[in-house]
*Asks:* 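Below is one structure. I have some questions about it.
In this text, all values refer to a predicted model and were calculated from it rather than measured experimentally.
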Amino acid sequence: MEMTRRKLLNNSRFLCFMLNNENYCIDILRVKELMGMTAITPLPGTPGFIRGIINLRGLIIPVVDLRLKFGLPFLDYSKRTCIIVVEVAYESETILMGIVVDAIQEVVSIPDEKLSKIPYISAQVKSEYIKGIADTPEGIQIVLDVMKVLNEKELAVVRETAVVHQQETAEKDK
């Protein structure tokens, strides 16, 4: 029993999803919410991969389409398209951001020693966004580093977008 518990503690858990017919994962500890596709309010003047904002129980959350961020072709949203709300750090604060993926798969445990960083892989995503890959019983999993998906400038735009629209929503509610 103790050995099984210790083994679970040494494994990291990841949420797996599909993007352009490839399997990707992100650290489950960064995931705050999973939701089906919902109406996204577009924002003029932001990069194309920032699809807009959503209102999640009073919180204004910027939404990034990972396909567009990674230079993949836009795909019309379907019943399987989902938004994963993740927590990212920017300067000294934590902000929420939605990421659009083609479909959510499952949660898997990957032992830390199975996660290996390689300088280049033939994935459709730049290696700078990839934390590592792992060969699991479910197949090869590409693990994204959600903290590196957006650079400093892009994170600033996302944060500013959320703050401005949160203030506007608060003003309207008065």
Side-chain angles (χ1 to χ4, degrees), residues 12-91 93-109 123-126 128-131 138 141-174:
S12 296
R13 293 173 50 96
F14 297 90
L15 174 67
C16 298
F17 59 90
M18 294 292 293
L19 195 62
N20 209 38
N21 296 318
E22 285 190 342
N23 293 322
Y24 292 91
C25 298
I26 55 175
D27 188 334
I28 197 78
L29 296 177
R30 292 272 170 217
V31 176
K32 295 302 161 198
E33 184 141 352
L34 304 174
M35 53 190 298
M37 205 56 207
T38 187
I40 300 172
T41 304
L43 294 173
T46 58
F49 61 85
I50 298 178
R51 299 297 295 164
I53 54 173
I54 58 172
N55 185 327
L56 180 64
R57 295 184 296 280
L59 290 174
I60 302 301
I61 300 182
V63 177
V64 171
D65 189 317
L66 280 187
R67 282 180 152 275
L68 300 178
K69 171 60 184 162
F70 295 155
L72 301 170
F74 177 77
L75 183 66
D76 288 335
Y77 299 144
S78 70
K79 290 187 282 186
R80 295 203 56 192
T81 306
C82 295
I83 297 174
I84 304 171
V85 178
V86 295
E87 202 175 60
V88 293
Y90 175 70
E91 294 181 344
E93 62 184 290
T94 301
I95 58 175
L96 293 177
M97 171 178 74
I99 56 174
V100 177
V101 300
D102 294 348
I104 292 175
Q105 300 292 93
E106 61 191 335
V107 174
V108 297
S109 291
Q124 300 165 357
V125 175
K126 292 181 186 175
E128 66 197 60
Y129 306 132
I130 297 173
K131 190 174 193 172
E138 295 82 14
Q141 303 292 339
I142 301 170
V143 180
L144 291 181
D145 187 343
V146 77
M147 300 298 286
K148 293 183 180 175
V149 168
L150 298 182
N151 63 35
E152 196 77 18
K153 185 178 174 185
E154 294 164 342
L155 273 172
V157 169
V158 165
R159 182 191 167 281
E160 202 53 40
T161 298
V163 168
V164 166
H165 286 82
Q166 192 73 45
Q167 290 169 345
E168 287 175 2
T169 301
E171 288 296 316
K172 287 179 189 174
D173 291 345
K174 284 184 180 180

*Asks:* Would you list the pairs meeting salt bridge (charged side-chain N to carboxylate O under 4.0 Å, His left out) in which at least one residue belongs to residues 36-54, sequence neighbours left out?
*Replies:* none
*Asks:* State which residues pass salt bridge (charged side-chain N to carboxylate O under 4.0 Å, His left out) with Glu33; sequence neighbours excluded, sorted by chain then number.
*Replies:*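 Salt bridge (charged side-chain N to carboxylate O under 4.0 Å, His left out) check on Glu33 returns Arg57.
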*Asks:* Could you state the interatomic distance from CG (Leu96) to CG (Leu59), rounded to the nearest 0.5 Å?
*Replies:* 6.5 Å
*Asks:* Show the nearest heavy-atom pair for residues Asn23 and Gln141, with the distance to one decimal.
*Replies:* CB-OE1, 3.6 Å
*Asks:* Can you confirm whether Ile60 sits close enough to Asn55 that some side-chain heavy atom of one is under 4.5 Å from a side-chain heavy atom of the other?
*Replies:* yes
*Asks:* Hey, what do you get for CG (Leu15) to CG (Asp27), rounding to the nearest 0.5 Å?
*Replies:*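 So the CG of Leu15 and the CG of Asp27 are separated by 10.0 Å.
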*Asks:* What is the distance from atom OH of Tyr24 to atom CD1 of Ile142, rounded to the nearest 0.5 Å?
*Replies:*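 Between atom OH of Tyr24 and atom CD1 of Ile142 there are 4.5 Å.
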*Asks:* Find the distance between CZ (Phe17) and CG (Leu66) and round it off to the nearest 0.5 Å.
*Replies:* 5.5 Å
*Asks:* Less than 3.5 Å apart, which donor and acceptor atoms pair up between the side chains of residues 98-108 and the rest of the protein, not counting sequence neighbours?
*Replies:*
residue : atom : partner : partner atom : Å
Asp102  : OD1  : Arg67   : NE           : 2.9
Asp102  : OD2  : Asn20   : N            : 2.7
Asp102  : OD2  : Arg67   : NE           : 3.3
Asp102  : OD2  : Arg67   : NH2          : 3.1

*Asks:* Scan for salt bridge (charged side-chain N to carboxylate O under 4.0 Å, His left out) pairs involving residues 78-89, sequence neighbours excluded, and state none if there are none.
*Replies:*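 Of all non-adjacent pairs touching residues 78-89, those that pass salt bridge (charged side-chain N to carboxylate O under 4.0 Å, His left out) are Lys32-Glu87.
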*Asks:* To the nearest 0.5 angstrom, please state how far the CG atom of Leu144 sits from the NZ atom of Lys131.
*Replies:* 10.5 Å
*Asks:* At their closest point, which heavy atom of Phe70 faces which heavy atom of Leu19, and how far apart are they?
*Replies:*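 Closest pair (atom of Phe70, atom of Leu19, distance): CD1-CD2, 3.7 Å.
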*Asks:* Please list, chain by chain and in numerical order, all residues satisfying ring pair (Phe, Tyr, Trp, His ring centres under 6.0 Å) with Tyr77, sequence neighbours excluded.
*Replies:* Phe74
*Asks:* Run the side-chain contact (heavy atoms from CB on, under 4.5 Å) test against Thr38 and tell me which residues pass, sequence neighbours left out.
*Replies:*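 Thr38: side-chain contact (heavy atoms from CB on, under 4.5 Å) contacts with Met35, Ile54, Ile83.
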*Asks:* To the nearest 0.5 Å, tell me how far Cys16 SG sits from Ile28 CD1.
*Replies:*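 Nearest 0.5 Å value for the SG-CD1 distance: 9.0 Å.
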